[in-house]
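To start, the structure itself, in structure tokens.
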Amino acid sequence: MFFTIFESMENASIISVLGIIIVLLFLFFSVFLCTVKTEKKLSNYLLASFLIIIAIDVSVFFYIGFIELPLTIEMLRIQISNFKDPLLFLYILSIIYSNFKLKKIHLVHALPWLIDIIVLMPNFFMADDSAKREFLNNYNQTTEGYFLGVFGYLLSLAYFLAEIYYVIRYRKLLLENYTDKNTFKNYNWLKQLLILLTIGQFLTIVKNVSRDYYSSEHTDVLRIITLLFGVFFIFWLVFKALNSPRLFRGIDVDLKASKEIQKEVNIDNKTDQQITLLKNYMDEEEPYLNPSLTIRNLALQMELPMRELSVLINQNLNQHFFDFVNVYRINKAKEVLSNPSKKELTVLEILYDVGFNSKSSFNTAFKKHTGTTPTQFRKLALNQ
């Protein structure tokens, strides 16, 4: 009995300490985001707001031992978590699109919070203090609490699916319009962010569900695991900030996927002619040697509408622009690697000459298209 009480007190202390650490680190990083000089201030403000709301959520693990908030303020603190999903969603959009701006239409994301307040109005906000206290103490057992809990989970799922859709679409747009691997940094960042936040959300849901089925000791252990993950998450954010001091560039908001463009553009009657023109231009002018080549650049050089060129490559040739250009770069590299008169050139020199800007992206693309590394290919070619 004594050991159980001691263990419970020890867990409570660990939870309080971890909660304080997370809140301080989240707030500190939020201040950094809001004060650092960057062209994408809106993205930083949105991410900072998201982190601040998480900090407000986590603060419940320690502040209740020191202060007692007015009941109305405590309920508003609970319901402010409704802004987490909209803020993360808007942050993702602000990273993806270079000219993203907040508009009046985005106020629709405040509707879930407003719905919560309306639902709670009769039996909480308009009730006296004793009724409010009883309502808060039994919040999860009330009809309103149950409804808002289910509503919140469904809403979080809807936002999560929307975020996945936009991040996948973002990758598709990058593949269809760019060849520079550096343009994928934003995509990789968002993908990693979503994975970690999904893990955090899963841990939170498991912890919340455990309250109804397991002892408080088991729930405390899950709380500690969730908070430890929160500490890891904030350190990961700091690490990312240190390694990517320039906040991210986005793509043009006007860009559409080639499937979307195909519905608006009809080039079937001149497809073969344009494919021949495209291939001849690639062979003769070698535009792929430019490591920063985009589909917009190529369309300007060929004096073709960008939308038609996008459909031509990404749909009619069934290749992403990224892969289409890399095939030419790899074929050029194969010519150089198999040329005995150029055996003095290093692989690093060759990859830059043919349009790649990093060894890792060159090796990955080369192995994808040939099944061997550049060094292995050269040895086989020169020994024949």
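Computed from a predicted structure; not experimentally measured. Numbers here simply count residues along the sequence, with the first being 1.
- How far CG of L87 is from OG of S49: 5.5 Å, rounded to the nearest 0.5 Å.
- F239 and F28 are members of different hydrophobic clusters when ILVMFWY side chains are connected at heavy-atom separations under 4.5 Å.
- Here the straight-line distance linking atom CG of N326 with atom OG of S361 works out to 7.5 Å at 0.5 Å rounding.
- Using a 4.5 Å cut-off on side-chain heavy atoms (C-beta onward), F356 and K181 make no contact.
- Here the shortest heavy-atom pairing between M282 and P287 reads SD-CG, 3.5 Å.
- Cluster annotation: I78 and V150 are assigned to distinct hydrophobic clusters (Ile/Leu/Val/Met/Phe/Trp/Tyr, side-chain heavy-atom contacts under 4.5 Å, transitive).
- In this structure, T370 OG1 and K368 NZ are separated by 12.0 Å, a value rounded to the nearest 0.5 Å.
- Using modelled atom types, one finds no donor on one side chain facing an acceptor on the other under 3.5 Å when comparing N138 with T142.
- Around atom CZ of R296, no more than 12 heavy atoms belonging to other residues, nucleotides or ligands sit under 6.0 Å away.
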Evaluate side chain to side chain contact (heavy atoms under 4.5 Å, CB included) for L90 paired with Y45, printing each intermediate quantity in order. CA-CA 11 Å; L90 292 174; Y45 292 156; over 6 Å; no

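- No continuous path of hydrophobic side-chain contacts links L345 to L382 [ILVMFWY only; heavy atoms under 4.5 Å].
- Around the CZ atom of F202, the shell of radius 6.0 Å holds no more than 12 heavy atoms that belong to other residues, nucleotides or ligands.
- The distance between the ring centers of Y178 and Y187 does not fall below 6.0 angstrom.
- Pairing each heavy atom of V23 with each of A55, the nearest pair is CG2-O, 3.4 Å.
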Taking it one step at a time, do Y288 and N331 satisfy side chain to side chain contact (heavy atoms under 4.5 Å, CB included)? CA-CA 11 Å; Y288 53 85; N331 288 337; over 6 Å; no

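- Annotation: side chain of F62 is not in contact with side chain of V17 (no heavy-atom distance under 4.5 Å).
- F233 and F229 have parallel rings, their planes meeting at less than 30° on a 0 to 90° scale where 60° marks the start of perpendicular.
- Closest of all the heavy-atom pairs between K343 and R378 is O-NH1, 3.7 Å.
- Nearest heavy-atom pair, L227 versus G19, reported as atom, atom and distance to 0.1 Å: CD1-N, 4.3 Å.
- Between H106 and F100, the ring planes lie tilted relative to each other; the angle falls in the 30° to 60° range.
- Figure legend: cation-pi geometry between K132 and F135 absent, as NZ or CZ is not positioned both under 6.0 Å from the six-membered ring centre and within 45° of its axis.
- Sparse packing is recorded around CD1 of I105, with 12 or fewer heavy atoms of other residues, nucleotides or ligands lying under 6.0 Å away.
- Between F321 and L298, the closest side-chain pair of non-hydrogen atoms falls below 4.5 Å.
- With rounding to the nearest 0.5 angstrom, the CD1 atom of I295 is 4.5 Å from the CG atom of L309.
- Surrounding CD of E68 are at most 12 heavy atoms belonging to other residues, nucleotides or ligands under 6.0 Å away.
- Linking Ile, Leu, Val, Met, Phe, Trp and Tyr whenever their side-chain heavy atoms come within less than 4.5 Å puts I80 and L88 in one cluster.
- N177 is not listed as a side-chain neighbour of T183, based on a closest heavy-atom distance of 4.5 Å or more.
- Of all heavy-atom pairs spanning L71 and F124, the tightest one is O-CZ, 3.4 Å.
- Under the 4.5 Å side-chain criterion, counting only non-hydrogen atoms from C-beta, N363 is not in contact with T373.
- Taking 4.5 Å as the limit, every side-chain heavy atom of V311 sits out of range of all side-chain heavy atoms of E308.
- Atom-to-atom distance recorded for F61:CZ and R223:CZ is 5.5 Å, nearest 0.5 angstrom.
- Side-chain rings of F29 and F26 stay apart, their centers remaining 6.0 Å or farther from each other.
- Aromatic ring centroids of Y91 and F50 lie 6.0 Å or more apart.
- Both I164 and L196 belong to a common hydrophobic cluster when Ile, Leu, Val, Met, Phe, Trp and Tyr are linked at side-chain heavy-atom distances under 4.5 angstrom.
- F89 and H109 have tilted rings, their planes meeting at an angle from 30° to 60° on a 0 to 90° scale.
- Side-chain contact check for L33 versus L51: some heavy-atom pair is nearer than 4.5 Å.
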Begin from the C-alpha positions of L190 and L194 and carry the test side chain to side chain contact (heavy atoms under 4.5 Å, CB included) through to its verdict. CA-CA 6 Å; L190 291 177; L194 278 180; 5.6 Å; no

Residues L278, L304; criterion side chain to side chain contact (heavy atoms under 4.5 Å, CB included); working and verdict: CA-CA 10 Å; L278 172 63; L304 286 174; over 6 Å; no

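- Taken to the nearest 0.5 Å, the OG atom of S358 stands 7.5 Å off from the CG atom of L351.
- N339 places no side-chain N or O within donor-acceptor distance of the main-chain N or O of E335, the cut-off being under 3.5 Å.
- Contact check for R77 versus I73: no side-chain heavy atoms found under the 4.5 Å cut-off.
- Between R329 and N290, the shortest heavy-atom distance links the atoms NH2-O, 2.9 Å.
- Under a 3.5 Å cut-off, the side chain of S156 and the backbone N or O of Y153 do not form any donor-acceptor pair.
- The main-chain N or O of L293 is found under 3.5 Å from a side-chain atom of T179 such that the two form a donor-acceptor pair.
- For S59 (side chain) and I56 (main-chain N/O), a donor-acceptor pair under 3.5 Å exists by modelled atom type.
- For CD of E134, the number of neighbouring non-hydrogen atoms (other residues, nucleotides, ligands) closer than 6.0 Å is 12 at most.
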